[in-house]
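Atom set for the values below is all heavy atoms of this structure, side chains included, hydrogens, waters and symmetry mates excluded.
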Amino acid sequence: RSENAYNEIANIIHTGDLADIREKAGLFLSSRAKEGINQKEEAFLSHIAGNIPIIGRFEKASERAAVIMLDKLRSDVFDKIYNRWLQQGVIPSDDDLKEIAKFINHATGRGTGKLFDNAGDALATGMFAPRYWASKPQMLWDVLGPGGAGGLGSTLARKEAAKTVAAWLGTMTTIGGLGYAGAAAAGKDPTFGVNPQAGDFGKLGVGGTSVDLTGGLSTDIMAAFRLAAGAKADANGNWLPTDRSAIGSRYLRGKLSPSAGLAVDLLTGSDYNNIAIDHETLMTPSGALRTFNNTFGNLFLNDLYQEYVHV
């Protein structure tokens, strides 16, 4: 949390033995990046909260902690893989290092591509964390896709990426299996979604709590399967034919930033859940305040308030 500690760790990262190799490979480190929306971690794009008295101190400390944690994670993983290759007698080429850096960026929520390089600021304004949204499918495509079409072209990097993805899948299924068995033994009547077209896919449900074991990929997987089939499954597993354009537009609408989402709600006359917008209520002070809070308010504080109300 201390700015001095942040600067000390950042200095170690950027002056270490492999600092130049990491930079040449394209490993993203936001503590080194230049100012600009496209160069920041997407959870901290706005400076508004940081300028609020008292609250701003906590926001800035939170940003420093998140930024340096991600930078150290990325640099440590890169260094570990690089040193292991050397210990195995393998001298990685520049392409090998660029490919593994790309995978590490993707695996830590940093989507890449010419679209982000050329229009990253505009995308970050209109969409909610577009790089993070793109990073998870890109991480899988690194392993599954052909080298000439976005997948990793380096055999060395692909092997490392495949081991990481396999470990992630193994961890997900192990936690899901143990959690399900433990909850069942305790008589909690758990559920675990295995249908990729259902809304509960990859989620372990116990009582009123649901845990997404896919790391946030469940909605992307669900949308992909629904688009491919032109149908979706309801809670009972029944198939419901659905227009593909409706599936795609709803999926993209869920990725809009709060301000862009509010604009679409007002233009279409209904919100994401297809609930009609009451314009008369919206124009009242209380209605406008409630809409502003629902759109831009702190989700964590709103959740705490809702729990307090229902206690």
Side-chain angles (χ1 to χ4, degrees), residues 22-46 63 66-78 81 95-154 157-158 160-162 164-165 167-169 172 202 212 214-225 227 248-261:
R22 290 189 223 111
E23 183 174 5
K24 185 178 179 181
L27 187 70
F28 179 75
L29 301 173
S30 59
S31 60
R32 180 190 59 203
K34 298 178 181 179
E35 185 65 21
I37 291 178
N38 201 27
Q39 300 298 321
K40 294 169 66 71
E41 297 293 352
E42 289 180 316
F44 301 95
L45 294 182
S46 174
E63 179 176 6
V67 165
I68 208 65
M69 181 275 292
L70 282 170
D71 279 9
K72 193 166 190 318
L73 173 65
R74 289 170 181 145
S75 61
D76 284 354
V77 171
F78 183 93
I81 292 173
D95 287 340
D96 292 329
L97 296 174
K98 288 179 181 179
E99 294 283 79
I100 198 61
K102 181 176 77 169
F103 175 75
I104 293 171
N105 288 338
H106 294 165
T108 54
R110 186 73 182 178
T112 59
K114 291 183 178 179
L115 179 62
F116 293 113
D117 295 337
N118 299 329
D121 288 3
L123 286 172
T125 301
M127 303 187 72
F128 185 80
R131 283 186 180 272
Y132 179 80
W133 165 41
S135 68
K136 299 309 178 185
Q138 284 182 331
M139 180 187 73
L140 295 178
W141 190 251
D142 285 340
V143 177
L144 302 175
L152 296 180
S154 161
R158 184 181 285 269
E160 291 291 339
T164 300
V165 172
W168 168 64
L169 292 173
M172 181 185 73
D212 185 0
T214 68
L217 266 176
S218 60
T219 55
D220 302 305
I221 296 172
M222 179 180 66
F225 273 88
L227 282 170
S249 61
R250 178 176 172 80
Y251 173 73
L252 291 175
R253 188 170 177 178
K255 303 301 181 181
L256 294 176
S257 66
S259 54

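The backbone N or O of G153 lies less than 3.5 Å from a partner atom in the side chain of E99, making a donor-acceptor pair. A donor-acceptor pair is defined here as one N or O able to donate and one able to accept, closer than 3.5 Å; no such pair exists between the side chain of W133 and the backbone of G111. No donor-acceptor pair under 3.5 Å is formed between the side chain of R22 and the backbone N or O of L27.
Within a 6.0 Å radius of NZ in K72, no more than 12 heavy atoms belonging to other residues, nucleotides or ligands are found.
A distance of 9.0 Å separates CZ in R131 from CD in Q138, rounded to the nearest 0.5 Å. F78 contributes atom CZ, which lies 11.5 Å from atom CD of E160 (distance to the nearest 0.5 angstrom).
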Decide yes or no on side chain to side chain contact (heavy atoms under 4.5 Å, CB included) for D142 and K102, but give the supporting numbers first. CA-CA 9 Å; D142 285 340; K102 181 176 77 169; 3.8 Å; yes
Run the side chain to side chain contact (heavy atoms under 4.5 Å, CB included) test on S154 and D95 for me, step by step, so that the C-alpha distance in whole Å, both residues' side-chain angles and the decisive distance to 0.1 Å come before the verdict.
CA-CA 7 Å; S154 161; D95 287 340; 5.6 Å; no
Quiz prompt | Worked verdict on Y251 versus D220 for side chain to side chain contact (heavy atoms under 4.5 Å, CB included) | solution = CA-CA 8 Å; Y251 173 73; D220 302 305; 2.3 Å; yes
For side chain to side chain contact (heavy atoms under 4.5 Å, CB included), just list the numbers for V77 and F103, CA-CA rounded to whole Å, side-chain angles, deciding distance to a tenth of an Å, and then say yes or no.
CA-CA 11 Å; V77 171; F103 175 75; over 6 Å; no
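Between P137 and A134, the shortest heavy-atom distance links the atoms CD-O, 3.4 Å. Pairing each heavy atom of L70 with each of T108, the nearest pair is CD2-O, 4.2 Å. Summarising the geometry of L152 relative to R158, their closest heavy-atom pair is O-NH2, 2.7 Å, with the distance given to 0.1 Å. When all heavy atoms are compared, the tightest approach of G150 to W141 is C-CD1, 3.6 Å. S30 and D71 get closest at one heavy-atom pair: N-OD1, 3.1 Å.
Every residue two or more places apart in sequence or in another chain was checked for a side-chain hydrogen bond (donor to acceptor under 3.5 Å, both in side chains) with T164, and none qualifies. The salt bridge (charged side-chain N to carboxylate O under 4.0 Å, His left out) check on R250 picks up nothing, with sequence neighbours excluded. In this structure, the side chain to side chain contact (heavy atoms under 4.5 Å, CB included) partners of D212, at least two apart in sequence or on a different chain, are K203, T214, S218. Take S75 and apply the side-chain hydrogen bond (donor to acceptor under 3.5 Å, both in side chains) test, not counting sequence neighbours, and it matches no residue. Applying the side-chain hydrogen bond (donor to acceptor under 3.5 Å, both in side chains) criterion to N105, with sequence neighbours excluded, gives no partner residue. Take S135 and apply the side-chain hydrogen bond (donor to acceptor under 3.5 Å, both in side chains) test, not counting sequence neighbours, and it matches no residue.
When side chains are defined from C-beta on, K24 does not count as touching L97, because their heavy atoms never get closer than 4.5 Å.
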